[in-house]
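Following: one structure in structure tokens, then a few remarks.
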Amino acid sequence: MESFGTHDGPGIRFVVFLQGCKLKCLYCHNPDTIETSGGKPYGVEELVQMVLKVKPYFGKKGGVTVSGGEPLLQSKALVPFFKRLKEEGIHTNIDTNGRILNSFSKSLLDDYADLVMLDIKHMTEEGYEAITGKRNMQTALTFAKHREASGKTMWLRYVLISGITNKPELLHALGAYFKDFKTIEKIEIQPYHKLGIHKWEALGWDYELKDARENTKEELEAAVDILKAYFKEVKVN
């Protein structure tokens with residue numbers, strides 16, 4: 001839990017990190033949430049009461065963000081949680097990789113999620129597999145199309161890694177694909193960082209991006225310049 005999140009959606013957010021993810025992204029800064037076992041169980045009303053205690057800090061923009069791991073693995077349980085949040089007048093947000101689109105996740109997205117933040121990993125199949133360890137990048141694009149059809153708000157997120165995702169042709173491909181989507185309010189560039197390495201080491205896992213460097217100011221500015229031709233707003237987190 002994070003009771004004062006400022007980078008997980010609009011305003012001040014109460015952020016719930018759920019256990020379990022089917023991807024194993026090379027740069028994951030929450031690798032301790034990848035395994036589907038573990039975590040601490042919470043009841044819906046227990047979580048709601050925790051949120052209500054900090055609701056006064058939300059102001060007009062804040063609310064609750066559910067992240068992970070991959071939150072949509074627990075879509076069935078999240079539906080009643082988000083339903084209760086909406087009853088309390090609280091803004092809801094899902095931070096997802098977009099690989100799960102079943103009846104429960106559709107209900108959550110279409111009926112209760114005010115915002116979806118969709119992580120776009122890469123714009124080629126080979127690059128997607130290299131980063132996530134899984135094939136089929138099309139799942140995220142199908143997910144985006146579903147959200148677009150619902151007419152409800154979406155943000156995109158894109159991790160900028162020098163030599164891997166920070167290539168002009170990939171940024172132009174990203175922009176070209178999504179430029180006509182009406183529901184996308186903004187795209188957030190996530191500068192590459194190594195803040196999660198100690199977690200990988202604690203798990204006994206090899207962190208393969210040790211040699212990757214953080215983005216320069218010039219690289220970030222160049223990426224913004226490319227993407228702002230396609231999106232209403234481009235933000236560097």
Side-chain angles (χ1 to χ4, degrees), residues 1-23 28-30 32-119 139-140 142-157 181-186 188 237:
M1 307 292 176
E2 185 178 346
S3 59
F4 208 79
T6 56
H7 295 286
D8 300 277
I12 304 299
R13 316 293 300 180
F14 185 96
V15 189
V16 182
F17 295 91
L18 299 188
Q19 188 73 32
C21 184
K22 297 300 184 181
L23 303 183
C28 182
H29 62 276
N30 290 323
D32 46 323
T33 66
I34 292 176
E35 296 293 340
T36 52
S37 60
K40 179 181 177 181
Y42 287 85
V44 167
E45 199 55 38
E46 183 181 6
L47 283 174
V48 171
Q49 292 306 312
M50 292 172 67
V51 171
L52 290 177
K53 289 179 181 178
V54 297
K55 184 182 177 183
Y57 296 101
F58 292 163
K60 294 181 179 180
K61 292 184 177 181
V64 172
T65 296
V66 180
S67 185
E70 173 46 55
L72 294 185
L73 286 174
Q74 300 186 51
S75 295
K76 184 177 181 179
L78 283 174
V79 168
F81 177 45
F82 270 34
K83 184 177 181 180
R84 278 288 290 116
L85 293 176
K86 297 314 300 172
E87 289 172 356
E88 297 290 347
I90 295 171
H91 183 275
T92 54
N93 177 29
I94 291 280
D95 181 6
T96 177
N97 60 39
R99 281 186 71 89
I100 299 171
L101 197 58
N102 55 30
S103 60
F104 296 115
S105 62
K106 287 179 180 178
S107 175
L108 185 69
L109 295 166
D110 297 348
D111 301 329
Y112 303 110
D114 296 312
L115 173 64
V116 165
M117 296 193 307
L118 176 61
D119 294 320
T139 54
T142 300
F143 185 98
K145 290 177 183 176
H146 178 87
R147 185 65 176 180
E148 172 74 1
S150 76
K152 300 186 71 177
T153 307
M154 174 168 53
W155 294 3
L156 300 184
R157 298 184 126 186
F181 279 57
K182 306 300 184 187
T183 60
I184 296 175
E185 283 189 344
K186 70 169 73 172
E188 294 187 331
N237 270 351

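What you see below is based on every heavy atom in this structure, not just the backbone, and it leaves out hydrogens, waters and symmetry mates.
Here the closest heavy-atom approach between residue Gly9 and residue Asn93 is recorded as CA-ND2, 3.9 Å. Here the shortest heavy-atom pairing between Gly68 and Asn30 reads O-ND2, 3.4 Å. Counting all heavy atoms, side chain and backbone alike, Leu115 lies closest to Pro10 at CD2-CD, 3.5 Å. Contact record, Val44 with Ala77: CG2-O, 4.2 Å, taken as the closest heavy-atom pair. Closest approach of Gly5 and Val15 over heavy atoms only: CA-CG2, 4.2 Å. Between Ala144 and Leu118, the shortest heavy-atom contact is CB-CD2, 3.7 Å.
In this structure a side-chain-to-backbone donor-acceptor pair under 3.5 Å is missing from Arg13 to Thr6. Within the 3.5 Å criterion, the main-chain N or O of Gly69 finds a donor-acceptor partner in the side chain of Thr33. Side-chain atoms of Gln19 come within 3.5 Å of backbone N or O of Asp32 as a donor-acceptor pair. Side-chain atoms of Ser105 never come within 3.5 Å of backbone atoms of Leu72 as a donor-acceptor pair (strictly under, hydrogens ignored). Side-chain atoms of Arg147 come within 3.5 Å of backbone N or O of Thr153 as a donor-acceptor pair.
Asp111 contributes atom CG, which lies 12.5 Å from atom CZ of Phe82 (distance to the nearest 0.5 angstrom). Here the straight-line distance linking atom CG of Asp8 with atom CD of Glu188 works out to 9.0 Å at 0.5 Å rounding. With rounding to the nearest 0.5 angstrom, the CD atom of Glu35 is 10.5 Å from the SG atom of Cys21. Considering OH of Tyr42 and CE of Met1, their distance stands at 4.0 Å, rounded to 0.5 Å. Distance OG1/Thr65 to CZ/Phe14: 11.0 Å, rounded to 0.5 Å. The distance from the OG atom of Ser67 to the CE atom of Met117 is 6.5 Å, given to the nearest 0.5 Å.
Residues Met50 and Val16 fail the side-chain proximity criterion, which asks for heavy atoms closer than 4.5 Å. The closest side-chain heavy-atom distance from Phe58 to His91 is not below 4.5 Å. Between Asp119 and Thr96, the closest side-chain pair of non-hydrogen atoms is not below 4.5 Å. Lys22 has its side chain out of reach of Glu70: every pair of non-hydrogen atoms, C-beta onward, lies at least 4.5 Å apart. Between Tyr112 and Leu78, the closest side-chain pair of non-hydrogen atoms is not below 4.5 Å. Counting only heavy atoms from C-beta outward, the side chains of Val116 and Phe143 approach each other to under 4.5 Å. At least one side-chain heavy atom of Leu109 sits less than 4.5 Å from a side-chain heavy atom of Leu101. Residues Leu52 and Ile90 are in side-chain contact: their nearest non-hydrogen atoms beyond the backbone lie under 4.5 Å apart.
Salt-bridge annotation for Asp114 and Lys86: present, with a side-chain N of the basic residue lying under 4.0 Å from a carboxylate O of the acidic one. By the 4.0 Å N-to-carboxylate-O rule, Arg84 lies close enough to Glu88 to be salt-bridged with it.
Few gaps surround NZ on Lys152; more than 12 heavy atoms of other groups in view lie less than 6.0 Å from it.
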Tell me, with the steps shown, if Val66 and Gln74 meet side-chain contact (heavy atoms from CB on, under 4.5 Å). CA-CA 10 Å; Val66 180; Gln74 300 186 51; over 6 Å; no
